[in-house]
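All of these numbers come straight from a predicted model, not from anything done at the bench. Side-chain atoms are counted along with the backbone in the values below, which use heavy atoms only and exclude waters and symmetry mates.
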Amino acid sequence: MEDLRRAYLRLCKEAGVEPQESVVAQLQEARGGQSSRLDLSGQSLSADTCSVLARLFHKDAVFTEVSLSDCMLSEEGAKILLTGLFGNTNVKVLDLKGNNLRSAGAEVLGKLLARNKTLRRLVLEWNALGMWDEAFSLFCEGLASNSILTQLDLRNNQINHHGASELALALKRNSTLQVLDLRWNNIGLLGGRSLVEALQHNKTLVQLEMAGNNIPSDTLKALEQAIERNSDRQSTLRESRSRTQVLSKEIQILKEEKGRQVTQKLQNEIIQSTSIQVSQLQEALNERKSAVNSLTAKLQMAEAALALSEQKNHNLGELLARVKTEKDEQRERQSRERKKEQEESVLREGKLLREIQNMTETNVQLRNKVEEMERRCKSQQQQIFDLKQELTNSTAELKLRLAQAEDRLETEKRRSKQALEDMDSLRQKEVDHVNRHLEESERALQERIFKLEGQRIQLEEEVSKAKAACVTERSQAEEELGKVRVQIRQEQQEHVASLEEKLRSVRQSRQEVQSHCSQQKQTIADLQAKNSQQSIEIDGFRRRIEELQQELSGKDQEKVAEVSRVRVELQEQIGHLQAERTAQGGLKEKISALEREMKVLTSNHREAILDKESEMSSLLEKLRLREAEIQRMREDEAQRASYLQSAILTYVQGSPLGHYSSPKK
């Protein structure tokens, strides 16, 4: 650590920057405690200091944990400092809490995640990365391409639903992140749905914190279910891996034991065969001067030994071929040994051929020792009988070992069966838990449907009441309109009756005048003699007639004025009726608006029901997928057990134990 402090001071001197006492003190404190953690929390770091620290991190830093929380880093300083961590291979934990990182910081963090290959945990609490969509999308791209980071803290970063969508796309591609903290942001319903969809593809995230994001409870439950499913999957994978490791170790131990037994047996057989062959060759060399019959007997014995050696070579070739498939190193070593043995057998065959030629030359000399060779043949037959007895004993021992191996196989089968039963019980419990959860959600949905049905019934009652009110108002308006019409008709009838009465009176007066005129004419005709006397009366009558005609014309004018006044009154009444008609049109529009609102409410209700039905179908689909996944895992476990059993059986059958026990069977 003292070298690191000196390096910091040297870099400050090279850059012409005044070293900060707080940074030097922290380096000194870290040196005193011999710690691998550099804590600069709460220190106000300038851009120049950040550039020096970046060079230090890039070259000489040995810290595995760096804390830069609440350092009030500027945009330039944060960019320079994070750039220095691109090629760092020691820092595994980086804390940037409360530095108000913005768009430039988000972009550099994305590049850091894309290039750094050692960072395991990143704390970005109390920053503002989510305020700029483009910069946050670059950060999410870096997270998607990262294959090392396991923990990410994004609390209080003002992440909206757009940022959550980008983060969901990154989670679909990321395969190492296990812990993600998104508390106290503004993700909302759309962002929650995006994260739920992303967790359908992501299988490694086992912890997700979503408090304080304005997300509905059903979406939070879906997220929790997805996280639980991932954690269960990870635990199941860990268990299966541990079991496969245990089984592979046991199989390796069995293979090693079998290999040792095979090599030991092969060495013993090779030693025995070579010793027998050496003894036979020595006897053949010592008995070169025997008779022809002994030569023929020895030749037969040599041929038998040769056939036995060829048979043993053939057996060794088969054993080596089987062991070759199980262990490459033993196969190469045994193949080399086999080649050597074949070369030695070829040499032996050449020697034997040369000896046979020599023996044919000395055929005459060996005839005298036929009887001695016969005695030796008997002794050798006794040796062959002893060898057969040893062979039966070895086969019995191999059968015993085979029975022990079969007992071990049965115990392994029972263990695997017990493990499969335990996994089936666990999966059945999980299925029961999921079924209970589905039943609870179904009951909640039914209660909500009942509430919506009650609301729909209330709305229908309100609509029916509004319709009834509209019908009553309409009937009242029609009644008032009928009354007005009846009144207008009565007034018209009364006015027409009065006018007819006046016309009748005028006509009657006119008829009276005409009758009077006719009487006057008659009187004039009768009293032509008295014309001179009554001329004055006739003039008066003429004046009277003129006055009557003036009265008739005045009455006609009054009649015309009365008719025009009645027309004006009728027009006014028609205007009132039209106004009432427009009011009725407004009422009709209100009725249609209420009907439209009722249709909108019913459509919303239907959409809500359809959404719930789709949600139920999605839950059923998830349950079906879960059951299919459980079934697939069961099949995989059964297949693995069958593969293991077949591998053990093939190994036992292909081992020297199975080879030597097969002829006995």
Side-chain angles (χ1 to χ4, degrees), residues 41-42 67-73 78 93-103 105-106 109-110 113 120-140 142-144 146 149-172 174 177-202 204-231 437 440-441 444-445 448 611 615 618-619:
S41 302
S67 178
L68 299 173
S69 60
D70 300 321
C71 288
M72 299 301 292
L73 297 176
V93 180
L94 180 60
D95 189 355
L96 294 172
K97 175 182 175 183
N99 282 291
N100 198 20
L101 298 178
R102 296 177 179 270
S103 60
L109 282 171
L113 291 176
R120 297 301 182 102
R121 184 184 176 207
L122 181 59
V123 180
L124 298 172
E125 183 183 359
W126 286 105
N127 287 288
L129 301 178
M131 292 181 65
W132 288 269
D133 295 336
E134 294 181 358
F136 192 71
S137 65
L138 294 175
F139 171 77
C140 292
L143 178 62
N146 185 275
L149 191 69
T150 59
Q151 297 182 14
L152 179 59
D153 190 350
L154 291 173
R155 287 178 288 177
N156 292 292
N157 269 275
Q158 302 181 19
I159 301 173
N160 54 17
H161 64 278
H162 294 292
S165 301
E166 295 291 335
L167 195 59
L169 293 175
L171 289 176
K172 288 181 181 179
N174 187 280
L177 190 65
Q178 297 179 357
V179 180
L180 179 60
D181 196 345
L182 294 173
R183 287 179 288 179
W184 309 112
N185 287 289
N186 193 18
I187 292 175
L189 175 61
L190 297 177
R193 288 181 177 176
S194 300
L195 291 174
V196 170
E197 183 181 358
L199 288 177
Q200 299 296 326
H201 302 278
N202 187 286
T204 58
L205 193 65
V206 296
Q207 184 177 351
L208 178 62
E209 301 291 339
M210 296 296 294
N213 279 286
N214 297 323
I215 299 176
S217 59
D218 54 351
T219 307
L220 288 175
K221 287 181 180 179
L223 290 170
E224 291 175 359
Q225 290 175 1
I227 293 299
E228 289 177 359
R229 184 167 62 251
N230 287 343
S231 61
H437 183 68
E440 292 176 359
S441 62
L445 290 172
R448 193 168 180 182
D611 290 336
E615 191 173 357
S618 65
L619 289 173

Asker: For the atom pair CD1 (Ile187) and CG (Asn214), what is the distance rounded to the nearest 0.5 Å?
Answerer: 10.0 Å

Asker: Given side chains that start at C-beta, do those of Leu199 and Ile227 come closer than 4.5 Å, heavy atoms only?
Answerer: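 The answer is yes; the side chains approach within 4.5 Å.
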
Asker: Considering only heavy atoms from C-beta outward, does the side chain of Ile159 approach that of Asn213 to under 4.5 Å?
Answerer: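 They are not in contact (no side-chain heavy atoms under 4.5 Å apart), so the answer is no.
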
Asker: Starting at CG of Leu101, measure out to CZ of Phe139 and round the result to the nearest 0.5 Å.
Answerer: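 Going from the CG atom of Leu101 to the CZ atom of Phe139 covers 10.0 Å.
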
Asker: Determine the minimum heavy-atom distance between Gly188 and Ile215, stating which atoms define it.
Answerer: O-CG1, 3.4 Å

Asker: Any side-chain to backbone donor/acceptor pair from Thr150 onto Arg120? Under 3.5 Å, distance only.
Answerer: yes

Asker: Between Ala198 and Leu171, what is the shortest heavy-atom contact and its length?
Answerer: CB-CB, 4.3 Å

Asker: Heavy atoms, side chains only, cut-off 4.5 Å: are Gln200 and Arg229 in contact?
Answerer: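 Yes - at least one pair of side-chain heavy atoms lies under 4.5 Å apart.
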
Asker: Just how far is it from atom CG of Leu138 to atom CG of Leu143, taken to the nearest 0.5 Å?
Answerer: 12.5 Å

Asker: Between Asp70 and Ser41, is there a side-chain heavy-atom distance shorter than 4.5 Å?
Answerer: no

Asker: So, Asn157 side chain and Gly130 main chain: donor-acceptor pair closer than 3.5 Å or not?
Answerer: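 Judged by distance alone, no pair lies under 3.5 Å.
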
Asker: Kindly compute the distance separating CG (Asn156) from CG (Leu182), expressed to the nearest 0.5 Å.
Answerer: 11.0 Å

Asker: Rounded to the nearest 0.5 Å, how far does CZ of Phe136 lie from CG of Asn160?
Answerer: 8.5 Å

Asker: Return yes if some donor-acceptor pair links the side-chain N/O of Thr204 with the main-chain N/O of Gln178 below 3.5 Å, else return no.
Answerer: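 Side chain of Thr204 to backbone of Gln178, a donor-acceptor pair under 3.5 Å: no, none is there.
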
Asker: Determine, stepwise, if the pair Arg193 / His161 fulfils side-chain contact (heavy atoms from CB on, under 4.5 Å).
Answerer: CA-CA 9 Å; Arg193 288 181 177 176; His161 64 278; over 6 Å; no

Asker: State, yes or no, whether a side-chain contact exists between Val179 and Asp181 at a heavy-atom distance under 4.5 Å.
Answerer: no

Asker: Assess whether a salt bridge exists between Lys97 and Asp95, defined as any Lys/Arg side-chain N lying under 4.0 Å from an Asp/Glu carboxylate O.
Answerer: no

Asker: Output the distance between atom CG (Asn127) and atom CD (Gln158), rounded to the nearest 0.5 Å.
Answerer: 10.0 Å

Asker: Check Glu197 against His201 and note the closest heavy-atom contact, atom names and distance.
Answerer: O-CD2, 3.4 Å

Asker: Looking at every heavy atom in both Ser103 and Ala135, which two are closest together, and how far apart are they?
Answerer: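 For Ser103 versus Ala135, the nearest heavy atoms are O-CB, 3.4 Å.
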
Asker: Given side chains that start at C-beta, do those of Leu195 and Met210 come closer than 4.5 Å, heavy atoms only?
Answerer: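 Yes, their side chains come closer than 4.5 Å.
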
Asker: Side chains of Asn174 and Leu205, heavy atoms from C-beta outward: is any pair under 4.5 Å?
Answerer: no

Asker: Might you confirm whether atom CD of Glu134 has over 12 heavy atoms from other residues, nucleotides or ligands at distances under 6.0 Å?
Answerer: no

Asker: Within the side chain of Asn202, is there an N or O that forms a donor-acceptor pair under 3.5 Å with the backbone of Lys172?
Answerer: no

Asker: For Ala170 and Cys140, work out which heavy atoms get closest and say how close.
Answerer: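 In terms of heavy atoms, the two residues are closest at CB-O, 3.2 Å.
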
Asker: Can you see which heavy atom on Ser231 is nearest to which on Val206, and at what distance?
Answerer: CA-CG1, 3.9 Å

